[in-house]
Amino acid sequence: MFIYGVSTSILDRKKDTVFDAIKFAVKHKFDVIEIVCETPEILPGYTNPEFIKRVKDLAESGRLKIQLHAPFYSINLASFDDEFLNFSRKEILKTIELGYKLEADKITLHIGLCFLPCQFFKEKAMEIAAESMKILLNEASDCGIKLAVENRGGKLDLGKVDELVKLIEMVNSDNLGITFDVVQANVLGDPLEQLKVVEKYLINTHIRDAPRGKEGLLAVGEGEIDFSSIIEEFIRIGFKGPLIFEVSSRDRAIISRATVEEILEGLNKKKLDSNFDSIMLSSRSIT
Amino acid sequence: MLISVSSIIRFKEGIIEAIKYAARLGLMHIDIFVANPHFNYLMTDEEIEHLRKFLDYMGMRASLKSPGFVENLASINPDVRKITFKFFKKLIDLAKRINATHVTIKPGMFFFPEKMRKREAYDLLEEGIKRVLSYAEEQNVMILFENYYYPIEALRFPKHFQKIVKFAGDNQNYGFALNIPHLLEAKADIEKLVKMKDVIRRIEAIYVGPRPSPWELKVDYSSIDEVIDRFRFITRYVIPRITILATVREDILIRMLREVI
């Protein structure tokens, strides 16, 4: 039913490498690996061609699709400071170049941060962000890569669901969509309500669980998020994934997928029961 | 002790209005918050000269405060370190040209990748600090390190102040800008801090303002009282060269001004 993927967030960063994540994903028959480009081994612009080839070959051998999560620490695509803005754009352009070499089809990125200048001049910040996206999309489109802006829940983050929709409408490109992160939405309130705001533009997801109103990298079912209603909504809008499990361990990725499958089974049973009930009702009315 | 005001009190109006406002209050120092569009540090020679003359004309001196948004000398990403240093260097150059009293910077942050490689990140931080201080010394500009309150911050608790002292080594051209609201927000042990002689003697400036940050619009007066109370406590141990009042709200500024004077 769904395309499933794992994020390199599953790795123990003190000893594991990106190859361990790929091997795990292949072994457990995931469809996609999302590589977070925030470690020295895979920093855009600093990764050697041999390493890139090895990553690509290993993923290909297991028929695993690659997508990237662009760097985000110190990155601000809505910065009012020209030097930091250009720096941020360059970092994402380098990620697109890396994505092209890895034959990634999608890159998730954060719009940026909303510090004092942005809080006072929000419209201007959105214009700067839109301009950044146009520059990046120009490059991404040539590389056959879609960009996905992610919803963010932090006080200083730019990227609340209404801001993402506004940005997409300002940019107006088929190559720009949204990565919906369930836990980032959970930090702000009801994830389902926020999903409904962005669903028209949905092209990727980060699936993980957390206590209500909190951050976390828990497996689906370990926290307090109502995943049944979210999965039901995915089905209703015809969204088939990828569901990227952005959790803190390998076990949690496996548990998450199993729990989603369980929810799907439950929803199918509910549908069958309801079909059966309506057949029974209509047959009664015929007799 | 010089009383100063952060230029964010006239954030929307820009730096010239902020200087005029500070002068009207009778102050002789302004702490310039370096964030575009409030203040664009990428100035032409002519603009720099204009600013210097204007400060002179108003009888004021200034300091430059790096905004602490994304600067990170401890980042494992070399590009982040590079742009951070480039930015600090520009502030130092500008400070020299406008005869600023000092430049305030945030030393660094330990995000997830840095936390995973803490030792390496600390080495990078030490290297970055040494590089900044060395350049500032050449230009004869004093650097002040400011404490912040998020768990990711490299300078948050008293022990972190001591780490910076260690990293700075023999350099004498630096100090600390002690941010009291940030200390309170971090629940740092102030009593412990004031007992650290190597740290306390290096406190050159103190920030006073609302919690958690000067940008807060909804401010509870009692939290200001707490900040003032801690300010009085700390000034029993050290009299800073400059006390900077930082807020975007005028009523809070006036209240703090009365209390601090």
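In what follows, every chain begins at residue 1, and chains take the letters A, B, ... in the order their sequences are listed.
Looking at A/Arg208, its side chain does come within 3.5 Å of a backbone N or O of A/Gly216 through a donor-acceptor pair. B/Asn179 places no side-chain N or O within donor-acceptor distance of the main-chain N or O of B/Asn147, the cut-off being under 3.5 Å. No side-chain donor-acceptor contact under 3.5 Å links B/Thr104 to the backbone of B/Ile143.
In summary, B/Lys130 and B/Glu126 engage in a salt bridge, as defined by a charged side-chain N under 4.0 Å from a carboxylate O. Salt bridge annotation for A/Lys166-A/Glu163: absent, with no cationic side-chain nitrogen under 4.0 angstrom from a carboxylate oxygen.
Once rounded to the nearest 0.5 Å, the distance linking OG of B/Ser6 with CG of B/Leu245 reads 9.5 Å. The structure places CD1 of A/Ile35 at 12.0 Å from OG1 of A/Thr95, a figure rounded to the nearest 0.5 Å. If you take CD1 on A/Ile128 and CD1 on A/Ile111, they are separated by 12.5 Å, rounding to the nearest 0.5 Å. A distance of 9.5 Å separates NZ of B/Lys187 from CZ of B/Phe157, quoted to the nearest 0.5 Å.
Along residues 245-255 of chain A, no residue comes nearer than 4.5 angstrom to chain B, judged on non-hydrogen atoms. Of residues 147-159 of chain A, those residues with a non-hydrogen atom less than 4.5 Å from any non-hydrogen atom of chain B are, in numerical order, A/Lys155, A/Leu156. Scanning residues 73-87 of chain A against chain B with a 4.5 Å non-hydrogen threshold yields A/Tyr73, A/Ser74, A/Phe80, A/Asp81, A/Asp82, A/Glu83, A/Phe84, A/Phe87, sorted by number.
Only the side chain of B/Leu42 comes within contact range of chain A, with at least one heavy atom under 4.5 Å from a heavy atom of that chain. For A/Leu113, the part sitting under 4.5 Å from any heavy atom of chain B is the side chain, from C-beta outward, and nothing else. Looking at A/Lys124, there are no atoms closer than 4.5 Å to chain B (heavy atoms on both sides), in backbone or side chain. For B/Tyr150, the part sitting under 4.5 Å from any heavy atom of chain A is the side chain, from C-beta outward, and nothing else.
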Steps toward side-chain hydrogen bond (donor to acceptor under 3.5 Å, both in side chains) verdict (A/Arg89, A/Ser132)
CA-CA 7 Å; A/Arg89 286 172 177 169; A/Ser132 294; 2.9 Å; yes
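In this structure, B/Lys90 fails the cation-pi test against B/Tyr41, since its NZ or CZ atom is not both closer than 6.0 Å to the six-membered ring centre and inside 45 degrees of the ring normal.
Ranked by non-hydrogen atom pairs under 4.5 Å with chain A, the options B/Phe111, B/Phe33, B/Phe87, B/Phe112 are led by B/Phe111. The candidate with the highest count of non-hydrogen atom pairs below 4.5 Å against chain A, out of B/Met109, B/Lys86, B/Glu120, B/Glu114, is B/Lys86. Most heavy-atom pairs under 4.5 Å with chain B: of the set A/Leu43, A/Val36, A/Leu116, A/Thr39, this distinction falls to A/Leu116. Among B/Asn72, B/Ile152, B/Val248, B/Asn77, the residue with the largest count of heavy-atom pairs under 4.5 Å with chain A is B/Asn77.
For A/Asn204, the side chain to side chain donor-acceptor pair (under 3.5 Å) test picks out A/Glu34, A/Gln67, A/Thr108, A/Thr179, with sequence neighbours left out.
When ring centroids are compared, A/Phe51 and A/Tyr46 stay outside the 6.0 Å threshold.
Residue-environment remark: CZ (B/Arg131) stays at or below the threshold of 12 foreign heavy atoms within 6.0 Å.
In this structure, B/His182 and B/Tyr148 have tilted ring planes: the angle between them lies in the 30° to 60° band. Using a 30° and 60° split on the angle between ring planes, B/His38 and B/Phe11 fall in the parallel class, below 30°.
Put simply, the residue from B/Ile180, B/Leu184, B/Leu183 that forms a side chain to side chain contact (heavy atoms under 4.5 Å, CB included) with B/Arg211 is B/Leu184.
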